[in-house]
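Here is the structure we will look at, set down as structure tokens.
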Amino acid sequence: MAYSTGSIVLFGIARHIYNYTRLRQAEQQLRIQKQEAELNYLRSQTNPHFLFNTLNNIYSLARDKSDLAPESIMRLSKILRFTLYEANGKYIAIEQELKIISDYIDLEKLRYDESLRINFNYDVEDMKQALPPLLLIPLVENAFKHGASETRNRPFVDIHLSVKNRQLLFVVKNSTDLNEEDQNIKENIGLSNLRRQLELLYTDYNLSVLRDGSVFTSTLKINLASHV
Amino acid sequence: MSNIRCIIIEDEPLAVKVLSDYIAQVPFLELQATFKDALLATDWLRNNNTDLMFLDIHLPNLKGWLF
């Protein structure tokens with residue numbers, strides 16, 4: 001009698017532990033799925049203004065039968081393909097992100113006259129290095145949207161990327177309007193979106209923005225080895 | 001009836017191109033000048049008159065709606 005009571009209690013305990021671990025596993029699974037869904041959502045917020053502006057520019061080029069029209073359509077198509085298909089994956093090769101950045105720059109250039117100065121260079125030890133998609137482009141977008149397009153005289157955008165020993169350093173500098181009323185840097189949606197993605201992906205990173213007179217600098221440092 | 005004199009204030013060169021092409025197609029519109037920002041247009045307007053402005057809203061420095 002005592003034995004059977006004992007075995008029932010034992011069975012109960014074992015059963016409880018089993019259910020508990022199952023529940024924990026399911027919970028963990030759910031948390032990962034939620035984070036993946038959130039990351040996908042954050043990445044999917046491509047700027048509709050960019051699409052609209054670029055189409056208007058291509059319209060203007062096509063009216064003049066400009067040679068820039070076909071290549072601009074191709075660039076836009078590449079960007080859309082990348083954001084639709086490639087960017088759903090967890091990783092891309094760093095060279096893919098760089099290609100998208102240069103396509104993006106060429107399309108933005110259409111909106112300016114010759115006074116815009118752009119510098120884009122990189123020093124990457126391994127071009128196949130895996131990187132979560134669309135992590136760098138938001139800072140480039142901001143440089144044009146809130147910087148160069150607001151500058152009356154000699155607008156510029158300087159972009160530099162280096163990856164050494166799995167330490168990524170991405171610096172984007174741009175001209176901005178000196179007379180802007182508030183000198184305080186307001187963090188826009190693009191920037192807070194990027195912050196959230198970094199939070200979900202890495203433990204060791206730093207994103208800082210600095211304004212010095214008419215020059216705006218954003219600096220992103222990531223220890224790529226700290227991926228969660 | 002005399003022509004309507006107009007100016008364009010727009011910072012994107014391609015948009016200026018499309019607008020001036022459209023204006024050229026309208027017989028009673030006469031394009032006087034184009035400006036890439038509102039401050040340049042202000043200077044011009046000190047000594048000149050116009051009837052109509054094609055004014056972009058998003059301009060560097062001085063926004064269209066503040067002009």
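Residue numbering restarts at 1 for every chain, and letters A, B, ... go by the order of the sequence lines.
A distance of 7.0 Å separates CD1 in A:I137 from CD1 in A:I100, rounded to the nearest 0.5 Å. The structure places CZ of A:R63 at 11.5 Å from CG of B:L14, a figure rounded to the nearest 0.5 Å.
For the set A:S149, A:P155, A:A148, the entry with the most heavy-atom pairs within less than 4.5 Å of chain B is A:S149.
The stretch residues 37-50 of chain B places B:D37, B:L39, B:L40 near chain A, each with some heavy atom under 4.5 Å from a heavy atom of that chain. Contacts with chain A (heavy atom to heavy atom, under 4.5 Å) involve these residues of residues 18-27 of chain B, listed by number: B:V18, B:D21, B:Y22, B:Q25.
Contacts of A:N56 with chain B are absent, with no heavy-atom separation under 4.5 Å from either backbone or side chain. Contact of A:T151 with chain B is made through the backbone alone, with heavy-atom distances under 4.5 Å.
Ion pairing between A:R75 and A:E71 holds under the 4.0 Å rule for side-chain N and carboxylate O. Using a cut-off of 4.0 Å between Lys/Arg side-chain N and Asp/Glu carboxylate O, B:E12 and A:R111 are scored as salt-bridged.
Contact of the A:T83 side chain with the A:L134 side chain is registered, since non-hydrogen atoms from C-beta on lie closer than 4.5 Å. Two residues are said to be in side-chain contact when any heavy atoms from C-beta on lie closer than 4.5 Å; A:N57 and A:L107 fail this criterion. Residues A:I79 and A:T54 form no side-chain contact, since every pair of their non-hydrogen atoms from C-beta on lies 4.5 Å or further apart.
No more than 12 heavy atoms of other residues, nucleotides or ligands shown are found within 6.0 angstrom of OH on A:Y122. Within a 6.0 Å radius of CG in A:D67, other residues, nucleotides and ligands contribute 12 heavy atoms or fewer.
Using a 30° and 60° split on the angle between ring planes, A:H227 and A:Y202 fall in the perpendicular class, above 60°.
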Next item on the list: Applying side chain to side chain donor-acceptor pair (under 3.5 Å), run through A:H146 and A:E141 and close with a yes or a no.
Entry: CA-CA 8 Å; A:H146 305 288; A:E141 261 178 276; over 6 Å; no
